[in-house]
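One structure is given here, and the rest of the page talks about it.
Sequence lines set the chain letters: A, B, ... in the order given, protein chains first and strands last, and positions in each chain run from 1.
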2 protein chains.
Amino acid sequence: MSTKEKLVSRALELFNENGIEYVGMRELAADLKMRVGNVTYYFATKDDLVIEIINRLRDLNSKTIEADCSSITSFLSMYRQLFNNQYQYRCLLLSFVHLVSRHPSFAGNYAATDARRREALRSHITSMIKNNCLSTSLIADHVELVVSHITLISRFWISEARISYANWTLEQTIAHYLNLLGEVLFPYATVEGKKQVDDFRKGK
Amino acid sequence: MSTKEKLVSRALELFNENGIEYVGMRELAADLKMRVGNVTYYFATKDDLVIEIINRLRDLNSKTIEADCSSITSFLSMYRQLFNNQYQYRCLLLSFVHLVSRHPSFAGNYAATDARRREALRSHITSMIKNNCLSTSLIADHVELVVSHITLISRFWISEARISYANWTLEQTIAHYLNLLGEVLFPYATVEGKKQVDDFRKGK
DNA sequence: TGCTAAATTAGGACATTGTCCTAATTTGTT
DNA sequence: AACAAATTAGGACAATGTCCTAATTTAGCA
């Protein structure tokens, strides 16, 4: 593993454990038995290191989102994977607002990602409508609100879990928020769709 | 206005404008044309100052939540007030996760507040059922999920707005998230309840 | 009016942080 | 062997929260 790779992966571990702002450059360097100068050789600033990690999560999620979502079952499975990705990079989700507020470059970058995510979500909903899992008449005027809803949940579930469900296991937590996603879709689901939501809940 | 009062209210302003972690003790003192020593005379640490602000928001929200919520209309009006309170103290909401993670005393304190908030929400739902705005049969197995839902929205709407809707006006933003709340209740609303949700949306 | 405690000034010290810098040394590749 | 990349070594800088002491002003009270 290259030095750069070691840096990123160890930084991610430490950031996840202690929070980004509580892991100093000196601490990271010492942990890897190297000098601060060598860290800044690869990443001039701490933000550059964080951006590298952000990009990795973005790429990971992009792949996950490409998965087939023709049924509510597969949609929720895809989100289970997405939630696991986010947990792997939880330090980012927990510092998200600060990261975006701090530097405009983050913000601009994220706006594009955000738009793509929403567009993908709309296409997933269309797909579930086509496959008779969601009722086109029921959801008609509510698509944008459902999209906003799911976006909000998937952005902040980790933050809320940290605050309110710190003693839950990861599996419990993810199950809870997948249930919440199911709850959002349920009112607009067809009979078949409702069955899939119920089965998914029982399946855990 | 007492010095302590000046301190708290100016700190809140500066925290809201620039973020808690970007307003230093020296900066706050200089802004008020006093010395750092005098700030620490009232608040030994910056966290103590933040805790004072946290408690003020808590008290403000506690009063707001006592309001009558026998209809969906009044429920949403109450949340409009709640959202305005939160906006007044937005610096806290934006740094919430960090604040709670940082010091265990925050976390323990908040757990109690959180439990009370959820309990109040349950009682509001019961109230809306009694007044024939929510259907008891429809919402039966979904109360806890609805509670989780509303809790999530009211905790993180400010964070998401900062990230995604920074160019919206406050009114637009609050309207959007009140719509989202309406959306959560809508599927479980009676005919009268659905009418109230629709009216509330049109009313803005 | 005087006394006394509270409030405030003034200024510095300390450790920690991210960042930046230079010079010397090691490592790896051609 | 030569040369660039990688790494060490150590320090400097400004900013932060916190802590400290001494002196001075302000305000309430007998």
key: Identified side chain to side chain contact (heavy atoms under 4.5 Å, CB included) partner of A:Arg117 from the options A:Asn61, A:Thr151, A:Val147   = A:Asn61
ask   = Do B:Val197 and B:Thr73 pass the side chain to side chain contact (heavy atoms under 4.5 Å, CB included) test, and can you show the C-alpha distance, the side-chain angles, and the key distance before you say yes or no?
value = CA-CA 7 Å; B:Val197 174; B:Thr73 308; over 6 Å; no
task = For the pair B:Ile54 and B:Phe106, evaluate side chain to side chain contact (heavy atoms under 4.5 Å, CB included) and give the outcome as yes or no after the intermediate values.
result = CA-CA 9 Å; B:Ile54 288 179; B:Phe106 287 160; 4.2 Å; yes
request  = Using heavy atoms and a sub-4.0 Å distance, could you list which residues of residues 48-56 of chain A are near DNA chain D? By number, please.
outcome  = none
ask   = Between atom NZ in B:Lys4 and atom P in C:dT8, what is the gap in whole Å?
value = 12 Å
task = Kindly indicate, with the supporting measurements, whether the criterion salt bridge (charged side-chain N to carboxylate O under 4.0 Å, His left out) is fulfilled by A:Glu119 and A:Arg122.
result = CA-CA 5 Å; A:Glu119 191 44 47; A:Arg122 279 184 208 105; 2.8 Å; yes
ask   = Which pairs with one or both residues in residues 154-174 of chain A pass ring pair (Phe, Tyr, Trp, His ring centres under 6.0 Å), sequence neighbours excluded?
value = A:Phe83-A:Trp157, A:Phe156-B:Phe156, A:Trp157-A:Tyr177, A:Tyr165-A:Trp168, A:Tyr165-A:His176, A:Trp168-A:His176
query = Applying ring pair (Phe, Tyr, Trp, His ring centres under 6.0 Å), which residue pairs with at least one partner in residues 6-50 of chain A are found, sequence neighbours left out?
reply = none
inquiry  = One character per nucleotide, please: for nucleotides 9-28 of chain C, 5' to 3', B when the base has a protein heavy atom closer than 4.0 Å, S when only the sugar-phosphate does, - otherwise.
reply    = BS--B---BBB---------
ask   = Does B:Arg58 have any salt bridge (charged side-chain N to carboxylate O under 4.0 Å, His left out) partners at least two apart in sequence or in another chain, and if so, which?
value = none
message = Does C:dT8 have its OP1 or OP2 closer than 4.0 Å to a side-chain nitrogen or oxygen of B:Tyr42?
response = yes
ask   = To the nearest Å, how far apart are A:Glu5 CD and D:dA6 C1'?
value = 17 Å
ask   = Within less than 4.0 Å of OP1 or OP2 of D:dT7, is there a side-chain N or O belonging to A:Tyr41?
value = no
Side-chain polar contacts of residues 23-38 of chain A - donor-acceptor pairs under 3.5 angstrom, sequence neighbours left out - could you list them?
{"residue": "A:Glu27", "atom": "OE1", "partner": "A:Gly24", "partner atom": "N", "Å": "3.4"}
{"residue": "A:Asp31", "atom": "OD1", "partner": "A:Arg10", "partner atom": "NE", "Å": "2.6"}
{"residue": "A:Asp31", "atom": "OD2", "partner": "A:Arg10", "partner atom": "NH2", "Å": "3.0"}

